[in-house]
2 protein chains.
Amino acid sequence: MPKTEVFNKEIVLNQASHVFHTKGYNAASMQDLVDATGLNRSSIYNSFGNKHNLFLECLKVYQNKYQRSISNLLLKANCPLKAIESIFELYLEEIVKDNDNKGCLITNCKSEMANQDSTINNFLINNQESTLALFEDLVNQGQENSSINRNRTPKDYALYLFTAIQGFRMTGILIDNKQQLQSLINTTLQNLK
Amino acid sequence: MPKTEVFNKEIVLNQASHVFHTKGYNAASMQDLVDATGLNRSSIYNSFGNKHNLFLECLKVYQNKYQRSISNLLLKANCPLKAIESIFELYLEEIVKDNDNKGCLITNCKSEMANQDSTINNFLINNQESTLALFEDLVNQGQENSSINRNRTPKDYALYLFTAIQGFRMTGILIDNKQQLQSLINTTLQNLK
DNA sequence: TTAATTTTGGAACGTTCATTTCAAATAAAT
DNA sequence: ATTTATTTGAAATGAACGTTCCAAAATTAA
């Protein structure tokens, strides 16, 4: 009996994400989101509750997109170190592709909103934990097959890589030269070899 | 003849910086700044023009503070590698000291505002260039006195260190455990040895 | 003390903000 | 075709935004 939702939620979230990614959470206005999605204000509020919740859903979509990409990389990779390398290269491609140099939505969110809102903070901590766990696992495997040295524990290297990724995303905001960034990755990863 | 300015501009800028640092540029309201400084709205506009310009002055004060600290470190340091180490340790102390875990004002600004406003962008690029130049110089000296390896050029290592610092500041927003962060610094710098 | 100049206080400016409201349009199921 | 539930459009809400304004207070030099 009801009129069903006509718009594609995923498309709308991608459009909204683009606004948040470009402007940041606070500078993105509801009008910007209405314009970008083509939806009516009411429809946005009907479907997503409020701006804050819409942003949270955008974060999740963004996170899932990368988790899927990384899962695919891991399937293809024949060696843990190569897997780590290809994760960095994934971000490298992202930086080079993005003409606006927006950086990482999640890193930007962390910088703008961490330790202010508990919902956001939970998301960020969750994201951090799972990234650290992924790296720890990969480093562990790498040390077992001797592609990664044993100078540091997997936990230590995981934090090192997590930090390097964040730094990489920050650097990519003002430097998008592929050669320079590729060299930066090499420098970062030579530490593990 | 004129009534002279009664307030201390430096104190006011530090108070304003604290607001911007805690909330970010966009989430910091003029009312927040009025409350934090104890100044009247008019006085703020008289002395600093507008919010944007006040923020820019805060950025400069923040930058100068670190430049002074680093200059002092360089004078004391007896070895380029140790100097680099003490720069990282300066930020470590900053992170541990800061109970709000606000991160770096400049890094946060980059994440929030880069590639949107040309004045801000110029500041950020300038800050980047001078940081890169400092590191390049130190690495160069380190390679000459053999405390730093020659696996990479000074320019490469400078970008590596600049990126590491940004990542370090980002990581410090959600992790403020001194041991963990100290270990992270060691991991980061072992790459140069 | 008077004159000159600036800082203040506080209200007011017009705009934009996120959010709400509600009647009209819509579309599926009966 | 009618019922039922939802989405839509567009206006309205009230609060908050950055900024301006101006008379009153304050301070120093003459």
Answer with yes or no whether B:R41 presents, from its side chain, a donor or acceptor under 3.5 Å of a partner atom in the base of D:dT19. yes
Given atom OH of B:Y45 and atom P of D:dC17, what is their separation to the nearest angstrom? 11 Å
Side-chain atoms of A:S43 come closest, of C:dT8, D:dG18, D:dT7, to D:dT7
Taking any heavy-atom pair under 4.0 Å as a contact, classify A:S29: base, sugar-phosphate, or nothing. sugar-phosphate
A:F48 CZ to C:dA18 C1', straight-line distance once rounded to whole Å: 16 Å
In whole angstrom, what separates B:N26's CG from D:dC17's C1'? 12 Å
Taking the nucleotide of DNA chain C with the closest heavy atom to each, which residue, B:N40 or A:H52, is nearer the 5' end? B:N40
When you compare the side chains of B:D117 and B:H52, does any donor N or O come within less than 3.5 Å of an acceptor on the partner? yes
Heavy atoms from C-beta onward define the side chain here; which of C:dT8, D:dG18, C:dT19 lies closest to that of A:N50? C:dT19
So, A:D156 versus B:S183: side-chain donor-acceptor pair below 3.5 Å or not? yes
Can you find a donor-acceptor pair, distance only, under 3.5 Å between A:S42 side chain and C:dT21 base? yes
Rounded interatomic separation in angstrom, taking CD from B:Q31 and P from D:dA15: 15 Å
Among D:dG18, C:dA18, D:dT8, find the nucleotide with the atom closest to the side chain of B:K51. D:dG18
Salt bridge between A:E94 and A:K97, side-chain N to carboxylate O under 4.0 Å? yes
To the nearest angstrom, how far is B:M30 atom CE from C:dA12 atom C1'? 16 Å
Between atom NZ of A:K65 and atom CG of A:L13, what is the distance when rounded to the nearest 0.5 Å? 11.5 Å
Exercise: do B:N108 and B:E112 side chains pair donor with acceptor under 3.5 Å: no
Mind checking B:A27 for me? I need base, sugar-phosphate or nothing, with any heavy atom below 4.0 Å counting as a touch. nothing
Can you tell me the distance, in whole Å, between the NZ atom of B:K23 and the C1' atom of D:dA16? 12 Å
Send over the distance from B:F55 CZ to D:dG18 P, rounded to a whole Å. 13 Å
For A:L39 and C:dT19, what is the distance between atoms CG and P respectively, to the nearest whole Å? 16 Å
